[in-house]
Amino acid sequence: MRTRKQKIILFAKIVTVAFVVAVISFFVFRNTILRQAITRVSEKMERDYNSDFSVKDASFVGFSGISMSRITLVPKNADTIFNIRKTETSVSFLRLLVGDIQLGTLEITNGFVQLVKNDKGRNFQAFLKRDKEDKTLPSERGDYAKFTYRIITKVLNLVPTDMKIENLSFRLNDNGKKTTINFQKLRLVNQQLETSIKVETNTFTQRIRIQGFADPRNKKADIRFFNMDTGAIKVPYLDERFNLKSSFNSIRLNIQNIDRNGDELHIDGVASIANLMINHPKIASKDVVIKNARFDYRFLLGSHFISIDSSSTVEFNKIKFHPYLAYETEEDTIYKLKVAIPKMKAQDFIASLPDGLFTHFQGMEAEGNFEYKLDFMFNKNKPNQLVFDSNLKKENLKITKYGKANLNKLNEEFVYRAIINNVPQRPILVGSSNPNYTPLDQISPYLQKCILTSEDPSFFSHRGFINEAFKQSILKNIRTKKFSRGASTISMQLVKNVFLTREKTVSRKMEEILLVYLLENNRIASKERMLEVYFNIIEWGPNVYGIGEAAQFYFQKKPADLTLKECLYLATIVPKPRKFMWQFDTEGKLKSFAVKQEKFLSSLMLRRGLLTSEDTIGQSIPLDISGFAHSLLKLKVQDSIPVDSLAVDSQFEF
């Protein structure tokens, strides 16, 4: 009778013998096994992806090395996806026994990988379909930490610890927009990486070098991108595909730690870039340049969340802030964003603004300090609980010198020129020297109330922005998935008209926000003065600027003499003044939609106590457009000679 210990020893011997037999069998038949594996891959490619996969020669080299030549993947009736002339690689035998593929060495000589999109379709289209047999991926995807760590591990296991690549090209052809990235040389030896890369597009050719440290097994790296020639590194493809021109002098990517601790995955490191240039018509009219930018990041992933931790730090030039960004799915789908800029000098902030993005601030000087916090939260399942809190604390903040946008201009007489479709319009003198200029106290109180109600009811109480309006604007834009609604106040409209252009760019909007804040919070101009200038510069019709011209153009009156009905009409055409004529029918009467607009506005003013019932007496009388505007109405052509006049004229013929 064997003892328990003897049984364990016997079992261990049996397992050892079986393992040795398996190893010996593998080495005896390994080339046959390799050819069978290639055949299975080839059959799968043809069956599932309608593609031909072939390897001309394949054999084992040494203990764990594999050598293959003429490896190709060609979809039926499409361009070749890859063609590798020769490759040698080794795998970890022990890892292979437990079902993992971990490359040890890799050598590739002469080959290409290409993605092609043309009028026949995409050569990689079949590979975009989800593998129906992979049933583990969707369930794991719900656990973001587990899924991400699994993908990172598999990818890094495919990165060899020693690598030698010569003349391997990655090609992209998007309907004639071609980019080729040729790795002329790539070496990874003793965790040191060095490359020589040639980039060719339809518009430029460039040589790039990547150097640094890479340790795929310990999940660490520190690599840098440099230009081997003079000048900056241009980013390929984006310029032709998206009209986005971008370049940089150098990039550093550092991965310090990838660690899964319990249910959380931590990814820590540093990313930096020098002299980043971006040019796109939707961003700014000029090149936007950030001289130095750095991101000390800490990504946290859990079973139901993905986030950038608030311990992360973003720096560009002298501006430094801590971001917090989160996507949560445990109960509801929630998006969170928090930004905290610690106390800093105002002048450092102005000097750090990216060149080309804030052109109107160039030359501006300031004193004092400030700090800023932003808190944003959006619950997809409960959108009305949107959180948007923006808070700026200032300390002895004062503008000592203005740049291109001199906000003191509002307190003086100046010349205003509207810009429509990038074409400057006729100059308008904003001041008493202009006979059409109208001081605020000479503008009908009705018109002031109508405009304030329709454009900015809290103008005299806010400081340039209305948080609730911002919230509603954000909600509308999220629902429509586009920028379909703004939150513009009279202050913002004034700054946009007087100091900025009407181009729809990120640059213009950001400048508008900052200029409005400076104007309102430093009390550079009084609210009354701002409103007076607004009334005297806004467009009221085709080539009609200021209320003085508008009152004459429509009613042959002075602004002080306008009736409530006339003021309601003028307030409703402010959003689209050049199309005022479409509010009238062929008989010169207001259409029903225009009448409803005026009734809605007057009812709103009554509810708010801005009008009394006596004010609305006589509102049923039709609106009379008596000025030059009448000639622009689309009226029905009437016979110019009355019937009776024909009889009178006939008497003079005899």
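Exactly one of T179, T201, N202 qualifies for a side-chain hydrogen bond (donor to acceptor under 3.5 Å, both in side chains) with E240. That residue is N202. The only member of R209, R207, K234, K198 that meets salt bridge (Lys or Arg N to Asp or Glu O under 4.0 Å) when paired with D229 is R207.
Ion pairing between K509 and E512 holds under the 4.0 Å rule for side-chain N and carboxylate O. Salt bridge status for K380 with D332: absent, with no side-chain N to carboxylate O gap under 4.0 Å. Ion pairing between R529 and E532 holds under the 4.0 Å rule for side-chain N and carboxylate O.
Q448 places a side-chain N or O within donor-acceptor distance of the main-chain N or O of L440, the cut-off being under 3.5 Å. With hydrogens and angles disregarded, a donor-acceptor distance shorter than 3.5 Å links the side chain of H322 to the backbone of S312.
Under 3.5 Å, the side chains of H462 and D456 contain a donor-acceptor pair of N or O atoms.
In terms of heavy atoms, M344 sits closest to F349 at CE-N, 3.6 Å.
For the pair E194 and K185, the minimum side-chain heavy-atom distance is below 4.5 Å. For the pair I283/T505, no side-chain contact is recorded, criterion being any heavy-atom separation below 4.5 Å from C-beta on. Contact of the L193 side chain with the I210 side chain is registered, since non-hydrogen atoms from C-beta on lie closer than 4.5 Å.
Within a 6.0 Å radius of CG in D263, no more than 12 heavy atoms belonging to other residues, nucleotides or ligands are found. Within 6.0 Å of NZ in K245 there are 12 or fewer heavy atoms belonging to other residues, nucleotides or ligands.
Cation-pi contact between K527 and F459: present, with separation from the ring centre below 6.0 Å and deviation from the ring axis of at most 45°.
Aromatic ring pairs are classed by plane angle as parallel below 30°, tilted from 30° to 60° and perpendicular above 60°; the pair Y297 and F299 is tilted. Ring geometry for Y335 against Y327 counts as tilted: the plane angle lies between 30° and 60°, on a 0 to 90° scale.
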